[in-house]
Amino acid sequence: MNKINRLVCNQRIFSKPYLTLSSDRFHEECGVFGVYGHPEAANLTYLGLHALQHRGQEGAGICSSDRGQIHIEKSMGLVADIFSEKRLKRLPGDIAVGHNRYSTAGSSSLKNVQPIMVNFSLGSLAIAHNGNLINALELRDELESKGAIFQSTSDSEVIVHLIASSRAGALYERLVDTMKSISGAFSILLMSENELIAIRDPYGFRPLSIGKYDGAYIVASETCAFDLIGASYERDVEPGEMVIINKDGLQSVKTVPSLRHAFCIFEFIYFARPDSNIFGNLNVDAVRKEFGRQLARENPIDADIVIPVPDSGVPAALGYAKESEIPFDFGLIRNHYVGRTFIEPRQSIRHFGVKIKLNPVRQLLKGKRVLVVDDSIVRGTTSKKIVKMIREGGGAKEVHVRISSPPTIGPCFYGIDTPTRKELIASTHRLEEIKKYITSDTLQYLSLEGLLKVIPNPEKYCAACFDDNYPVFTPQERVEQMEMF
Ligand code: AMP
């Protein structure tokens, strides 16, 4: 899509270029889960959030409605650590929404943990949001200039204020009104006192699926959450759709027209769990294995063993091994108990780096030509350490790196945590230079054509991190756009 088309697609033009290149980075990756119509709504949400833990480990919260009485519990940390039996008992009712939050330094605070709960003229409302708004800062500024007071730095609070300040009457009209103002990626769950509402942006960047369990409706970011509680998958919330679930059942409202779909391809590469089916019920594991097969077809090489970088490289490595008929094994073992906050006793002993997380199996690797598969290279630091580990710790004769996605050249503005463009090694270095940096004998990425060949209906995907073709404005483009007016 060219710039002018994107201009037309974008729903709101603003008067000031608030965003600068310093905001060329967003931090939120999240998981959402909701239940309507089950007496154990909060307990089910707890389980659902646990299944979605990979989408966010910084903090989590659950909000429930007990015949109009709203209850909320949220904290920093992991789902299993936050919710004790006692805490879950404080969440009665048959409607609930939950949220797992991921964020990196800078915005890490309990205030930003969701759901966000507010009381306004139409009653109480809880919101759980996955994705990133492109125009959150502008909207925030506009709202603040009209007197709005913000308690957090999260995009979701902007949405809440828009709903509260909308001139439309009923809640649904206010939601449609809000959807016209916000731009970017949003898969949202809202809980009013007596209903559950699911909304997906018109591009459908982030997944959002509807399931059923024991007569209740379930909505979740990924279907692995349905599997844990034994819910059946019904369908996806469609891009641009608002699904209202209340005592009358499920009602679908088409909101903002969807000019194109832009499902996030990186969900398939790295982010979603392999046992989930996303974007029209496509299995993530099967797609990742196909990426691996395609990678092997594009980049054959003689090697003695194929090993994955666990966990995210496993399905692609299996696919690569099958296609190339090179034996597969787990040559790197991952310690699963390394939390995000693990502190290295750096000064007193030594710098452990990636060894805290991974250790090579020397018996498997010694003297071998090792082909190691990972899902992506971002800054290049992980690959460099892994190559060194396989060569020095593992005793490998040769180390060949294969990446089951194309070079990551662009940051994501729609909810995947990526560094700035200049920190992405593939945006500033050629293949040969990256190979030299990570010290591998060879390095090959999956081609963009190969990646898109694997996915049905590739035109429905956003692959901006690989092709720089952003379906909705980037912050830089918004600055340029403002200068044009
Ligand atoms: P880097 O060291 O920056 O090149 O990171 C590459 C590693 O980070 C790969 O092993 C990926 O599996 C992993 N990775 C890729 N994208 C992300 C992300 N958005 N958040 C966390 N880890 C990621």
Side-chain angles (χ1 to χ4, degrees), residues 24-31 52-58 100-105 108 130-132 185 205-206 221 264-274 284 288 291-292 295 307-317 331-336 338-342 353-358 372-390 399 401-429 431 433-440 443 445-446 451 462-466:
D24 192 26
R25 177 158 193 195
F26 293 93
H27 306 289
E28 285 175 57
E29 298 170 344
C30 303
L52 297 172
Q53 187 75 81
H54 61 289
R55 296 186 74 88
Q57 300 96 45
E58 185 194 70
N100 278 336
R101 182 162 198 275
Y102 171 109
S103 104
T104 53
S108 172
N130 174 209
N132 264 110
F205 283 105
R206 301 280 142 233
S221 293
C264 171
I265 209 148
F266 211 72
E267 292 271 354
F268 277 122
I269 290 159
Y270 169 81
F271 201 41
R273 245 171 66 161
V284 175
R288 283 187 192 162
F291 288 157
L295 184 62
I307 66 165
V309 176
D311 291 324
S312 50
V314 173
L332 292 168
I333 301 301
R334 180 169 168 179
N335 183 332
H336 285 100
V338 184
R340 285 169 61 83
T341 51
F342 188 86
V354 81
K355 284 186 86 175
I356 293 291
K357 219 183 193 180
L358 296 170
V372 59
V373 180
D374 202 357
D375 65 282
S376 57
I377 294 180
V378 182
R379 292 182 176 84
T381 46
T382 306
S383 305
K384 188 180 172 76
K385 288 170 188 164
I386 283 170
V387 171
K388 189 168 185 263
M389 175 179 281
I390 295 169
V399 185
V401 175
R402 295 293 177 272
I403 303 297
S404 62
S405 66
T408 307
I409 53 166
C412 179
F413 302 105
Y414 315 125
I416 295 285
D417 180 40
T418 42
T420 56
R421 186 181 294 275
K422 64 177 187 300
E423 290 170 280
L424 294 169
I425 191 166
S427 91
T428 50
H429 294 76
L431 182 73
E433 293 169 328
I434 303 171
K435 190 202 89 176
K436 206 167 159 200
Y437 174 73
I438 66 170
T439 72
S440 58
L443 165 68
Y445 290 85
L446 178 62
L451 177 88
C462 169
C465 48
F466 306 128

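When a ligand or atom number is given, it counts from 1 through the structure's own listing order. As the structure is a computational prediction, the values presented were derived from the model and not from experiment.
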Checklist entry - Thinking salt bridges, do E267 and R273 make one under a 4.0 Å N-O criterion? => result no
Checklist outcome for this item: of all protein heavy atoms, closest to atom 12 (O) of ligand 1 is D375 OD1, 2.5 Å
Checklist entry - Do H54 and N100 have side-chain atoms, one donor and one acceptor, less than 3.5 Å apart? => result no
Item to check | V309 heavy atom under 4.0 Å from ligand 1 | outcome: no
Checklist entry - Is the shortest heavy-atom distance from the side chain of Y102 to the side chain of R55 under 4.5 Å? => result no
Checklist entry - What's the spacing between S405 OG and D374 CG if we round to 0.5 Å? => result 8.5 Å
Checklist entry - Of the protein's non-hydrogen atoms, which lies at the shortest distance from atom 15 (C) of ligand 1, and what is that distance? => result S376 OG, 3.2 Å
Checklist entry - If you round to the nearest 0.5 Å, how far is CG of L446 from CD1 of I269? => result 8.0 Å
Next on the checklist: For V378 and L424: C-alpha separation, side-chain torsions, deciding distance, then whether side-chain contact (heavy atoms from CB on, under 4.5 Å) applies.
Outcome noted: CA-CA 5 Å; V378 182; L424 294 169; 3.7 Å; yes
Checklist outcome for this item: Closest to atom 7 (C) of ligand 1 among protein heavy atoms sits T382 OG1, 3.9 Å
Next on the checklist: Within ligand 1, which atoms have a heavy atom of I377 less than 4.0 Å away?
Outcome noted: 4 (O)
Item to check | Ligand-side contact atoms (ligand 1) for residue partner R379, heavy atom cut-off under 4.0 Å | outcome: 1 (P), 3 (O), 4 (O)
Checklist outcome for this item: ligand 1 to S312, heavy atom cutoff 4.0 Å, flagged ligand atoms 12 (O)
Checklist entry - Do D375 and S404 get their side chains close enough for a donor-acceptor pair, meaning under 3.5 Å? => result no
Checklist outcome for this item: In terms of heavy-atom contacts, I409 and R421 come closest through O-NH1, 3.1 Å
Checklist entry - Under a heavy-atom criterion of less than 4.0 Å, does G380 contact ligand 1? => result yes
Checklist outcome for this item: Of all protein heavy atoms, the one nearest atom 10 (O) of ligand 1 is D374 OD2, 2.6 Å
Item to check | Distance filter under 4.0 Å to F266 heavy atoms, resulting ligand 1 atoms | outcome: 16 (N)
Item to check | Ligand-residue contact atoms, ligand 1 with D417, heavy atoms, under 4.0 Å | outcome: 18 (C), 19 (N)
Checklist outcome for this item: In this structure, atom 8 (O) of ligand 1 is nearest to the protein heavy atom V378 CG2, 4.4 Å
Item to check | Nitrogen or oxygen atoms of T418 and ligand 1 under 3.5 Å apart | outcome: no
Checklist entry - Between T439 and K436, is there a donor-acceptor pair closer than 3.5 Å when you use the side chain of the first and the backbone of the second? => result no
Item to check | Which residue and heavy atom of the protein sit nearest atom 14 (N) of ligand 1, plus the separation | outcome: Y270 CE1, 3.6 Å
Checklist entry - Which ligand 1 atoms are under 4.0 Å away from a heavy-atom of I416? => result 19 (N)
Next on the checklist: Which heavy atom of S221 sits nearest to which heavy atom of N130, and what is that distance?
Outcome noted: OG-OD1, 4.3 Å
